[in-house]
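Residue numbers begin at 1 in each chain, while the letters A, B, ... track the order of the sequences. The basis for the numbers below is simple: all heavy atoms, side chains too, and nothing from hydrogens, waters or symmetry mates.
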Amino acid sequence: MISAILVFNNHGKPRLVRFYQRLAEEVQQQIIRETFHLVLKRDDHICNFLECGSLFGGPDYKLIYRHYATLYFVFCVDSSESELGILDLIQVFVETLDKCFENVCELDLIFHMDKVHYILQEVVIGGMVLETNMNEIVAQAEAQSKLEKTEGGLSAAPSRAVSAVKNINLPEIPRNINIGDINIKVPNLSQFV
Amino acid sequence: NEEGCKSKEAEIKRINKELANIRSKFKGDKALDGYSKKKYVCKLLFIFLLGHDIDFGHMEAVNLLSSNRYTEKQIGYLFISVLVNSNSELIRLINNAIKNDLASRNPTFMGLALHCIANVGSREMAEAFAGEIPKILVAGDTMDSVKQSAALCLLRLYRTSPDLVPMGDWTSRVVHLLNDQHLGVVTAATSLITTLAQKNPEEFKTSVSLAVSRLSRIVTSASTDLQDYTYYFVPAPWLSVKLLRLLQCYPPPEDPAVRGRLTECLETILNKAQEPPKSKKVQHSNAKNAVLFEAISLIIHHDSEPNLLVRACNQLGQFLQHRETNLRYLALESMCTLASSEFSHEAVKTHIETVINALKTERDVSVRQRAVDLLYAMCDRSNAQQIVAEMLNYLETADYSIREEIVLKVAILAEKYAVDYTWYVDTILNLIRIAGDYVSEEVWYRVIQIVINRDDVQGYAAKTVFEALQAPACHENLVKVGGYILGEFGNLIAGDPRSSPLIQFNLLHSKFHLCSVPTRALLLSTYIKFVNLFPEIKTTIQDVLRSDSQLKNADVELQQRAVEYLRLSTIASTDILATVLEEMPPFPERESSILAKLKKKKGPGTVTDLEEIKKERSSDMNGSAEPASVNASAVVSLKTVLISVVDEVWKFVCKNNGVLFENQLLQIGLKSEFRQNLGRMFIFYGNKTSTQFLNFTPTVICSDDFLNYILCLNLQTKPVDPTVDGGAQVQQVVNIECVSDFMEAPILNIQFRYGGTFQNLSVKLPITLNKFFQPTEMSSQDFFQRWKQLSNPKQEVQNIFKAKHPMDAEITKAKIIGFGSALLEEVDPNPANFVGAGIIHTKTTQIGCLLRLEPNLQAQMYRLTLRTSKEAVSQRLCELLSEQF
């Protein structure tokens with residue numbers, strides 16, 4: 001089972017946080033901080049798995065993460081998950097984001113926080129993997145966008161909601177998430193089921 | 001946004017302003033339209049993400065749930081599942097909205113509702129929906145995407161509240177989802193079945209053959225067959241992994257056809273690993289290897305096909321040298337489990353050089369940690385010296401985070417495979433030298449126990465610690481071990497003029513001032529032992545004890561030791577000194593407390609194998625050697641018992657016979673009798689199964705507070721036959737002597753092997769202070785006279801408590817008599833009250849006890865008052881008796 005999905009930038013600012021296990025807010029914040037410290041000090045080309053001690057209350061948990069330019073995607077999982085499988089799942093998630101936002105960057109995660117959550121919800125619910133077929137996930141996300149648009153007067157709502165968040169003003173503009181050597185523009189991209 | 005803010009304070013200020021703004025909007029007179037609500041809820045989510053508490057907005061979010069607009073509903077559900085709230089009124093409203101959406105037959109709304117249930121997964125939701133979801137899951141007209149969500153939703157509810165998810169007709173239909181056309185549905189169903197099958201294997205047995213055939217179809221398919229479900233040229237890797245996991249819930253299939261088909265699948269997967277890659281992308285190899293590692297796990301789990309096991313081992317051997325760090329990590333991890341299989345242990349050992357090399361060259365601490373684990377798992381008599389040497393070597397530069405664990409592992413291996421105990425002593429002293437700070441009490445207690453129990457190594461140990469102490473700066477743990485060992489065995493090297501008594505003493509005393517209080521206390525005990533061992537330096541030692549820095553030490557413990565030891569050395573005859581300060585007797589043989597410590601660190605299960613091998617050795621020694629100049633009886637520190645202890649002592653406070661413990665395997669019955677300060681307890685162990693228990697070892701363990709214990713309760717047991725046949729019962733006698741009043745009940749720890757598994761359980765033995773009661777009859781006048789004599793507030797303990805059982809006078813009387821005191825009739829002026837009197841007999845003293853119990857039927861309460869001459873006794877008796885009514 002996946003206990004938590006954490007996305008934060010190179011400075012440790014959380015960009016997407018999802019816990020699937022009920023924890024007090026201060027415990028959640030502590031987990032975010034400690035996880036950040038654990039992964040930050042690691043080089044880019046070493047192992048993508050690490051033990052997180054008693055962070056989640058037992059030795060059975062591992063952190064599985066990938067680092068994309070300015071963002072860390074960290075999944076905290078128990079031993080019932082396949083490490084390599086989760087690693088691929090992170091890739092699937094990021095590639096999906098990239099498709100839905102056309103070249104996803106850190107800003108998208110902030111300004112379209114709701115949408116990012118909805119996409120994640122098509123991949124993982126309640127800590128369990130729902131769908132790994134990227135075409136399916138993208139199709140679901142597109143269907144949602146369509147629904148939003150058809151809801152007449154509300155068509156402008158998402159962008160207005162975004163500008164509402166923008167109004168809280170955000171001076172530091174994060175760079176694009178660079179997916180690096182992973183070429184995500186392959187046509188007929190295959191899915192991981 | 002906070003990033004615009006210079007400081008944390010500025011950020012908080014900004015956020016608070018924003019929160020106040022939103023709050024006023026929500027509270028304002030003007031009703032907000034859907035869009036504004038959505039906007040503000042979105043802002044709240046963002047603020048929450050930044051780590052700020054959000055304590056409002058829930059109601060607005062709940063209102064959004066009942067909107068007909070998809071976008072409003074969606075954000076409402078999102079808020080609810082991110083900011084879960086346990087307010088019951090809210091939960092009722094949320095559940096209502098979910099119920100409507102589930103009934104809406106609109107797949108999009110149903111999806112949102114199901115996601116919300118899965119994400120929150122609370123007990124209240126399980127109560128409301130656990131009956132409904134299986135119906136949605138197996139209904140013929142449910143859309144695939146809804147089925148997927150429903151399966152995982154049910155899984156989540158089963159995880160949080162298994163008792164609320166009823167098995168039923170739907171289970172067989174769920175198994176058949178393994179045949180579904182939609183691979184997404186199959187994947188979700190496989191996750192669900194895997195979890196359900198772990199608890200109800202019988203119910204889901206038919207899933208094995210279905211899973212095998214599904215797997216077989218995937219594995220043998222051409223990469224184009226599955227279209228969308230092929231990921232970087234690997235057919236349905238995620239589903240394959242899930243199916244292989246499901247199969248790990250079961251033993252190898254019995255049906256030869258199914259078994260043959262599965263073996264074929266596993267061979268195909270192993271074969272594919274040798275084929276050239278179809279793509280250079282890392283995703284391709286990841287997906288392929290995810291399946292491969294899972295197949296290897298299944299092979300290891302079945303542990304039945306030597307041919308497959310050896311192939312698995314060779315495959316992992318290749319990965320050990322792979323350029324991908326992730327693969328090296330996983331290979332080390334899998335090999336660790338492989339090392340415990342008898343078929344592959346030898347094959348794993350052939351990789352020792354590679355693993356040692358990994359320890360030296362890997363850049364990543366996670367990988368080095370796995371290498372340490374594997375070395376530990378592959379260690380046996382043939383390679384122990386090499387492995388211990390390499391681990392010690394590594395310890396010099398090891399990461400701080402894993403040092404303690406390595407120390408424990410080295411200590412365990414050195415003990416377990418020591419043929420020559422001088423090697424063991426050297427190894428432990430090296431450990432202290434290299435990583436003294438990480439050497440826990442358990443480790444240095446243990447070396448002392450072993451030295452005390454083995455005559456052949458005592459002289460060597462004394463000589464070695466003496467030499468080690470010559471170093472100008474040595475670790476305090478070395479001073480402890482050195483002080484203890486020289487205090488016991490310093491005489492063995494005193495013949496050599498280079499280590500004469502005075503030199504030994506001066507050497508230890510030169511470290512004294514640098515040490516902490518507990519170590520100094522230990523050294524003082526060593527000094528008094530020297531007085532006995534070496535009468536020639538008695539005056540030197542007395543001078544030290546007499547000095548102001550000792551006699552007037554600000555630390556009470558040190559001062560007391562100095563005063564007492566000085567006095568002892570002055571007044572006691574040599575005979576008495578020799579008796580009081582004689583050499584420690586051998587420690588009883590017990591499970592190593594170091595092993596227990598490692599288990600605690602790594603979680604149970606991870607060291608079981610080793611544990612089992614350990615049980616087979618006869619030369620095990622035991623638990624805790626709290627260094628003290630007192631002879632220890634058969635006691636072990638509670639530190640050895642890390643599993644939870646079954647505590648049913650209260651049931652036996654007023655009776656002596658009955659069933660103490662029972663589970664599917666074992667029943668433990670008790671019969672006991674007590675007279676004055678002595679008692680005898682018969683423990684009956686009944687094997688309820690038809691299989692033999694092996695290595696059956698019950699051990700009586702006393703409390704954590706070791707010193708306190710041996711002074712209070714003396715227990716003697718005889719070992720029982722280590723084999724208990726199916727259906728048989730064996731008996732064990734415990735002889736009990738109460739030396740002085742005691743608080744904690746001792747613990748009975750039982751370990752045995754049943755089938756392939758190691759069983760370990762602990763139960764409190766109902767040996768309580770009141771067992772040593774002798775009833776005393778007395779007149780009303782005598783009673784109240786004594787009652788008044790015990791009027792010091794410290795002698796009285798009172799407890800007012802609610803009745804847990806019906807308040808029946810006859811039962812109460814029987815309980816007071818069962819408790820051991822006399823029941824005095826017509827003493828209390830109020831006939832509804834009960835009074836009792838008795839004497840607690842201990843070897844050292846007798847303690848008179850009076851008790852009075854006043855029931856209040858109306859309030860269903862009791863007031864219990866105990867008066868005895870000793871506060872602790874009043875306290876304990878009051879505790880024990882209060883539990884009974």
Side-chain angles (χ1 to χ4, degrees), chain A residues 1 13-14 16-18 20 22 25 29 32 42-43 45-51 58-60 80 82-85 87-88 91 110 113-114 117-118 121 125-133 135-136 140 144 147-148 151 154 157-158 160-161 164-165 168-172 182 190-193, chain B residues 1 3-4 18 35 38-39 42-43 45-46 49-51 53 69-71 74-75 78 82 84 108 115 118-119 121 145 148-149 152-153 155-156 159 183-184 187-188 191 228-232 236-239 241 245 283 286-287 289-290 293-294 325-326 329-330 363-364 366-367 369 602-603:
Chain A
M1 184 185 164
K13 290 280 176 216
L16 172 68
V17 171
R18 201 66 210 255
Y20 295 104
R22 216 190 262 199
E25 276 151 38
Q29 288 303 320
I32 295 169
R42 297 171 62 83
D43 299 349
H45 295 288
I46 58 177
C47 185
N48 295 85
F49 323 124
L50 74 156
E51 265 106 285
D60 196 31
S80 69
S82 150
E83 290 93 342
L84 290 172
L87 210 51
D88 276 325
Q91 180 68 16
I110 298 166
M113 194 180 54
D114 48 347
H117 270 290
Y118 302 145
Q121 210 137 276
I125 62 168
M128 289 144 315
V129 180
L130 178 63
E131 183 57 79
T132 49
N133 177 343
N135 290 344
E136 189 93 36
Q140 288 286 352
Q144 284 175 17
L147 255 176
E148 282 171 17
E151 284 187 352
L154 267 170
R160 266 154 58 197
V165 177
I168 320 182
N169 97 60
L170 188 97
E172 180 202 303
I182 304 149
S190 328
Q191 269 64 54
F192 186 44
V193 174
Chain B
N1 182 286
E3 276 150 309
E18 193 59 42
Y35 160 71
K38 179 168 141 61
K39 176 176 82 175
C42 208
K43 276 191 177 187
L45 276 176
F46 187 75
L49 173 73
L50 297 177
D53 270 0
R69 293 210 152 108
Y70 174 72
T71 45
Q74 195 185 28
I75 191 95
L78 178 59
V82 173
V84 182
T108 320
H115 290 184
N119 285 329
S145 66
Q148 265 171 283
S149 303
L152 295 183
C153 194
L155 169 51
R156 175 66 194 258
R159 281 218 172 106
L183 287 202
T187 310
S191 298
D228 269 4
Y229 304 107
T230 299
Y231 179 79
Y232 290 91
W238 191 273
L239 178 54
V241 165
R245 279 273 157 136
Q283 281 81 349
N286 259 0
N289 291 327
F293 273 107
E294 219 46 62
T325 315
N326 290 340
Y329 172 96
L330 293 173
R363 287 167 53 211
D364 185 346
S366 321
V367 185
Q369 165 103 54
K602 299 290 276 183

Heavy-atom pair with the smallest gap, counting every atom of B:Ala290 and A:Leu84: N-CD1, 3.5 Å
Interchain contact, A:Ile32 with chain B, by part (heavy-atom threshold 4.5 Å): neither
Intermediate values then yes/no, side-chain contact (heavy atoms from CB on, under 4.5 Å), A:Arg18 and B:Asn119: CA-CA 10 Å; A:Arg18 201 66 210 255; B:Asn119 285 329; 3.4 Å; yes
Pairing residues for B:Arg159 by the side-chain hydrogen bond (donor to acceptor under 3.5 Å, both in side chains) criterion, not counting sequence neighbours: none
Check: A:Tyr118 and B:Ile75 side chains under 4.5 Å, non-hydrogen atoms: yes
Taking every non-hydrogen atom, the tightest pair across B:Ser366 and A:Arg42: OG-NH1, 3.3 Å
Side chain proximity check, B:Thr108 to A:Gln144, heavy atoms < 4.5 angstrom: no
Check: B:Asp364 side chain, A:Ile46 main-chain N or O, donor-acceptor pair, under 3.5 Å: no
Shortest non-hydrogen contact from A:Gln29 toward B:Leu49: NE2-O, 4.4 Å
Donor-acceptor pair, side chain of B:Asn326 and main chain of A:Asn48, under 3.5 angstrom: yes
Derivation of the side-chain contact (heavy atoms from CB on, under 4.5 Å) call for B:His115 and A:Leu130: CA-CA 10 Å; B:His115 290 184; A:Leu130 178 63; 3.8 Å; yes
Which portion of A:Gln121 sits near chain B, non-hydrogen atoms under 4.5 angstrom: both
Pairwise distance CD(A:Glu83) to CZ(B:Phe293) - rounded to 0.5 angstrom: 8.5 Å
Chi angles and distances behind the side-chain contact (heavy atoms from CB on, under 4.5 Å) call for A:Met128, B:Ser191: CA-CA 8 Å; A:Met128 289 144 315; B:Ser191 298; 5.7 Å; no
Interatomic spacing from CG in B:Asn289 to CG in A:Leu87 - rounded to 0.5 Å: 11.5 Å
Contact class of A:Gln140 relative to chain B, heavy atoms under 4.5 angstrom: side chain
Exercise: do A:Glu131 and B:Gln148 side chains pair donor with acceptor under 3.5 Å: yes
Atom pair CE (A:Met113) and CG (B:Leu78), whose distance is rounded to the nearest 0.5 Å: 7.0 Å
Region of B:Tyr70 in contact with chain A, defined by heavy-atom distances below 4.5 Å: both
Nearest atoms (heavy-atom pairs only) where A:Gln91 meets B:Tyr231: CG-OH, 3.9 Å
Under 4.5 Å from any heavy atom of chain A - which part of B:Ser145: side chain
Proximal component of B:Arg156, with respect to chain A [non-hydrogen, under 4.5 Å]: both
Full working for side-chain contact (heavy atoms from CB on, under 4.5 Å) between B:Leu330 and A:Phe49: CA-CA 9 Å; B:Leu330 293 173; A:Phe49 323 124; 3.8 Å; yes
Heavy-atom check, side chain of A:His117 versus side chain of B:Val82, under 4.5 Å: yes
